[in-house]
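Down below is the structure, laid out as structure tokens.
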Amino acid sequence: MPLRVYNTLTRQKEDFQTVVPGKVGMYLCGPTVYKPAHIGHMVGPVIFDTVKRYLVYQGYDVKFVINITDVDDKLIVRAAERQTTVEKLAREMTQDYFDNLKTIGVDSVDLFPYATEHIAEMLDIIQRLIDRGYAYPLEGDVYFDAAKDADYGALSHRSISEVMAGTRVEANDRKRHPADFALWKSSKPGEPAWDSPWGRGRPGWHIECSAMSMKYLGETLDIHGGGLDLMFPHHENELAQSECCTGKPFAKYWLHNGLMQAGKAAGKVGGGHDRHGDVELDKAAQEAGKLAGSKGAASVKELFAKHPPETIRFFLLATHYRSPIDFSDDNIAEKGKSLEGFYRLFETYQRITGQDFYQLAVPSLRSKSTALPAEPAAFTAELARLRDRFCESMDDDFNTGAATSILFDLRTVINAFIHEQKLETTGKSNATAIAALTAAVTLLKELAALLGVFTRPLPRSSAGDDEFASGLMGLVLELRAEARATKNWPMSDKIRDRLKALKVVVEDRPDGVTWRREA
RNA sequence: GGCGCCGUAGCCAAGUGGUUAGGCAGUGGAUUGCAAAUCCACCAUACGUCGGUUCGACUCCGAUCGGCGCCUCCA
């Protein structure tokens with residue numbers, strides 16, 4: 001089953017074939033680092049991190065680049081507001097971005113090039129475009145001459161005339177055509193500026209991506225990713241200037257992810273905020289603004305305080321990447337609940353085998369996938385089937401939503417196996433069954449790792465794990481054990497109920513008592 | 001005005017021209033001193049509305065309603 005990807009350029013799923021066999025160059029448009037990242041900024045990185053994990057799993061040698069835009073109007077404005085420099089602001093916000101990526105498990109990015117470190121490359125492209133007749137200098141600026149590019153509009157499927165007709169921007173009289181866009185902008189005093197053949201200035205919005213992607217990944221990228229909102233004009237212009245510069249296709253596959261939306265409440269806002277003045281709608285409007293508008297958005301850091309990062313990552317991957325994601329705290333919390341069963345399984349596994357799930361080594365290549373034991377045949381056949389289905393889902397345009405469902409199936413299959421083999425009680429010494437269990441659990445971890453989940457233990461709630469608390473719990477459970485020994489059920493139940501009220505769950509098992517803190 | 005996207009059971013969410021998505025919640029049973037966890041079963045004969053094509057459509061086509069995005073240097 002070949003990998004198929006939906007290509008925005010052709011608006012259909014295509015077989016995935018790389019420029020150089022076995023190698024993939026993947027570029028994702030990164031953030032303008034002028035304010036703390038919000039959840040929407042994590043969508044692309046999480047998705048394409050997952051794409052890379054899967055491509056690597058399938059044996060590709062992948063180079064994944066995300067740019068950092070550290071010069072831009074928004075940066076200039078905000079730096080002035082905060083009475084700091086563009087450089088300092090950019091450095092601070094870049095660190096915030098990196099911190100968040102790390103927290104949410106995006107660790108497959110090979111390179112984060114900075115726009116300001118690639119001015120020379122940009123100037124080179126601009127010069128080549130002028131030489132080839134695709135760009136013209138104008139009073140210190142340089143514009144791309146859109147009308148000269150016969151293919152302009154191919155990505156967003158609109159013609160030059162449509163761009164002109166639809167434009168809501170006031171026409172810039174100086175430009176030859178309303179669709180023309182700045183490659184180089186002359187700068188005002190005090191703004192960041194670099195010398196150029198056309199005077200001091202700074203790069204246009206799109207040129208940095210062309211310069212950095214082609215520098216690090218070659219003139220034809222395999223995958224170019226980004227949010228749907230960037231398709232026009234950003235990607236369209238990037239595509240135009242790159243191809244006019246090199247005469248080669250700029251990217252084989254354009255993958256666009258859907259945007260985060262603020263749930264149904266936001267919908268109501270659009271329709272009726274003029275008539276309804278009530279507080280609920282105001283709150284919804286605020287929430288909508290946080291995401292769709294991304295102005296004053298709640299930061300990811302705030303969100304991480306409310307939900308485990310793993311839950312948020314899982315939430316992002318539970319929906320197909322091209323669909324809009326319906327954001328709400330409730331939706332994320334529900335995903336957290338659905339993950340509980342996995343954590344219970346990992347604990348069960350440890351009780352049975354004494355091994356820590358998180359210590360299990362997993363293969364990162366499909367060709368070296370976890371070996372499944374021959375016995376019992378029905379069980380391992382089921383595991384093999386689920387592994388195939390997982391890969392089929394991912395092969396189908398990275399259908400992570402379907403892939404996650406396989407994880408749930410796998411969980412159920414493993415639990416059923418534990419149950420029927422009585423591995424928690426009499427089956428503990430059944431070496432064949434234990435070996436099969438370990439293989440199954442390893443496979444679960446192998447597949448989950450492709451989605452970037454279950455790779456490391458959840459951070460323990462700080463109060464639950466210290467010596468004092470565990471000592472105290474030891475004492476309480478000892479007293480309860482004595483009550484149970486004398487069948488003093490009212491007392492033992494009271495202890496359990498009171499602990500439950502304190503968010504401590506006590507479970508009586510055939511082979512002992514366990515406890516854990518609830519989130 | 002232009003270019004697009006979406007509408008699947010209480011909720012979230014895959015998918016398909018005619019055979020199971022999955023999760024959460026809920027119900028019954030097993031297990032348990034009772035619970036929890038787990039297993040088994042049930043769970044809706046679901047696909048915005050109206051037409052059309054077809055032997056047959058949730059799936060294709062048209063219209064319509066509702067929601068959303070972009071056309072504004074938002075990922």
Side-chain angles (χ1 to χ4, degrees), chain A residues 8 11 28-32 37-45 47 66 69 72-75 153 156-159 161-170 181-182 185 204-206 225-234 236-237 256-261 264 266-268 270-271 291-295 297 315 318-320 322-324 326 328 330-341 344-345 347-348 389 393 396 399-409 411-412 415-420 424 484 487 489-490 492-493 496-497 500 505-510 514-516:
Chain A
T8 304
R11 307 249 160 139
L28 175 66
C29 288
T32 299
H38 66 266
I39 179 63
H41 294 114
M42 295 295 108
V43 177
I47 286 164
I66 299 181
T69 300
D72 171 272
D73 289 354
K74 294 196 295 288
L75 264 158
S156 56
H157 297 251
R158 57 189 93 195
S159 66
S161 56
E162 281 167 357
V163 172
M164 182 163 58
T167 189
R168 279 195 261 136
V169 196
E170 283 181 39
F181 54 91
K185 303 157 82 159
W205 177 31
H206 321 292
L228 209 47
D229 53 337
L230 293 182
M231 189 171 80
F232 188 91
H234 181 56
E236 192 71 63
N237 292 348
H256 286 99
N257 60 270
L259 306 181
M260 188 70 76
Q261 293 180 3
K264 291 192 171 136
K268 287 181 194 158
L291 295 157
S294 84
K295 302 278 194 286
F315 165 72
T319 305
H320 188 90
R322 275 189 283 115
S323 301
D326 206 9
S328 76
D330 286 348
N331 286 353
I332 296 176
E334 193 197 287
K335 289 295 174 258
K337 287 179 81 169
S338 72
L339 293 179
E340 282 296 319
R344 295 293 85 73
L345 172 59
E347 290 162 6
T348 303
R389 281 182 55 201
S393 297
D396 183 13
N399 190 340
T400 54
T404 56
S405 80
I406 305 300
L407 258 31
F408 286 101
D409 288 341
R411 185 189 74 184
T412 301
N415 275 328
F417 182 71
I418 290 169
H419 186 255
E420 83 197 20
E424 290 232 64
R484 293 184 76 213
K487 297 202 191 301
W489 307 129
S492 86
D493 289 349
R496 191 174 58 197
D497 291 346
K500 173 80 176 169
V505 178
V506 174
E507 299 180 357
D508 296 314
R509 300 180 175 282
T514 65
W515 68 277
R516 68 169 184 276

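Side chains included, hydrogens not; waters and symmetry mates left out as well; all remaining heavy atoms used. In the text below, chain A, chain B and the rest are named by the order of the sequence lines, each starting its count at 1. None of these values were measured; they are calculated from a predicted model.
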- Of the candidates B:A75, B:U38, B:G33, the side chain of A:N415 sits closest to B:U38
- Inter-nucleotide P distance (B:A75, B:G7), Å rounded: 26 Å
- Task: Send over the distance from A:E340 CD to B:A36 C1', rounded to a whole Å.
- Result: 12 Å
- Query: Under 4.0 angstrom, heavy atoms only, what part of the nucleic acid is A:R496 near: base, sugar-phosphate, or nothing?
  - Reply: base
- Message: Treating A:D396 as the side-chain partner and A:N399 as the backbone partner, does any N or O pair qualify as donor plus acceptor under 3.5 Å?
- Response: no
- Task: Measure the distance from CG on A:D508 to P on B:G33 and round it to the nearest whole Å.
- Result: 9 Å
- Task: Applying side-chain contact (heavy atoms from CB on, under 4.5 Å), name anything that partners A:T412, two or more places apart in sequence or on another chain.
- Result: none
- Message: Would you measure the distance from the P atom in B:C68 across to the matching atom in B:G28 and give it in whole Å?
- Response: 40 Å
- Query: Looking only at atom P, what distance separates B:A37 and B:C50, rounded to whole Å?
  - Reply: 43 Å
- Query: What's the CG-C1' distance between A:L407 and B:A13, to the nearest Å?
  - Reply: 15 Å
- Expressed as a whole number of Å, how far does the P atom of B:C12 sit from that of B:C71? 28 Å
- Item | Between B:G18 and B:G22 - C1' atom distance, rounded Å | 23 Å
- Item | Integer angstrom distance from the P of B:U20 to that of B:C61 | 24 Å
- Message: Go nucleotide by nucleotide along RNA chain B from the 5' end; which of A:E507 and A:R322 gets its closest nucleotide reached first?
- Response: A:R322
- Take the protein atom NE2 of A:H157 and the nucleotide atom P of B:C71, then report the distance between them rounded to whole Å. 17 Å
- Message: The criterion is ring-ring contact (aromatic ring centres under 6.0 Å, His included); which residues satisfy it with A:F315, sequence neighbours excluded?
- Response: none
- Check every atom of B:A75, B:A14, B:C12 against the side chain of A:M260 and return the nucleotide holding the closest atom. B:A75
- Item | Straight-line distance of A:E334 CD to A:I332 CD1, nearest 0.5 Å | 11.5 Å
- What is the distance from CZ of A:F232 to P of B:C3, rounded to the nearest Å? 13 Å
- Message: In whole Å, I'd like the distance from the NE2 atom of A:H256 to the P atom of B:C6.
- Response: 15 Å
- Between B:A9 and B:G15, how far is it from one P atom to the other, in whole Å? 16 Å
- Listed by chain and number, what are the side-chain contact (heavy atoms from CB on, under 4.5 Å) partners of A:T319, not counting sequence neighbours? A:S323, A:I325
- Message: Counting the atoms with a prime plus P, OP1 and OP2 as sugar-phosphate, which does A:L259 contact under 4.0 Å by heavy atoms, base, sugar-phosphate, or nothing?
- Response: base
- Message: Whether A:R496 and A:D493 form a salt bridge (side-chain N of Lys/Arg under 4.0 Å from carboxylate O of Asp/Glu) is what I want to check.
- Response: yes
- For A:T400, what residues pass the side-chain contact (heavy atoms from CB on, under 4.5 Å) criterion, not counting sequence neighbours? A:T50, A:L317, A:M394, A:L451
- Query: So which heavy atom on A:N331 is nearest to which on A:D326, and how close?
  - Reply: ND2-O, 3.0 Å
- In dot-bracket form, how is RNA chain B paired, counting a Watson-Crick or G-U wobble pair only if both its distances are under 3.5 Å and using | for bases paired to another strand? (((((((..(((.....[...))).(((((.......))))).....(((((..]....))))))))))))....
- Message: Restricting to side-chain hydrogen bond (donor to acceptor under 3.5 Å, both in side chains), what partner residues turn up for A:R389, sequence neighbours left out?
- Response: none
- Task: Check whether any side-chain N or O of A:N399 sits under 4.0 Å from OP1 or OP2 of B:A14, and answer yes or no.
- Result: no
- So which nucleotide from B:C40, B:A75, B:C34 ends up closest to the side chain of A:A416? B:C40
- Query: In the 5'-to-3' direction, what one-character label does each nucleotide of nucleotides 19-30 of chain B receive under the scheme B = base within less than 4.0 Å of a protein heavy atom, S = sugar-phosphate only, - = no such atom?
  - Reply: --BSBSS-----
- Item | Residues which pass side-chain contact (heavy atoms from CB on, under 4.5 Å) with A:A318, listed by chain and number, not counting sequence neighbours | A:K335
- Quick one: A:R516 CZ to B:A36 C1', roughly how many Å, whole number? 7 Å
- Counting any heavy atom closer than 4.0 Å, what does A:H320 reach on the DNA or RNA strands: base, sugar-phosphate only, or nothing? sugar-phosphate
- What interatomic distance, in whole Å, is found between P of B:G51 and the corresponding atom of B:C42? 35 Å
- Query: Taking the nucleotide of RNA chain B with the closest heavy atom to each, which residue, A:K500 or A:P233, is nearer the 5' end?
  - Reply: A:K500
- Task: Write down the distance between CG (A:D493) and P (B:U32), rounded to a whole number of angstrom.
- Result: 16 Å
- Could you tell me which residues satisfy ring-ring contact (aromatic ring centres under 6.0 Å, His included) with A:H256, sequence neighbours excluded, listed by chain and number? A:H235
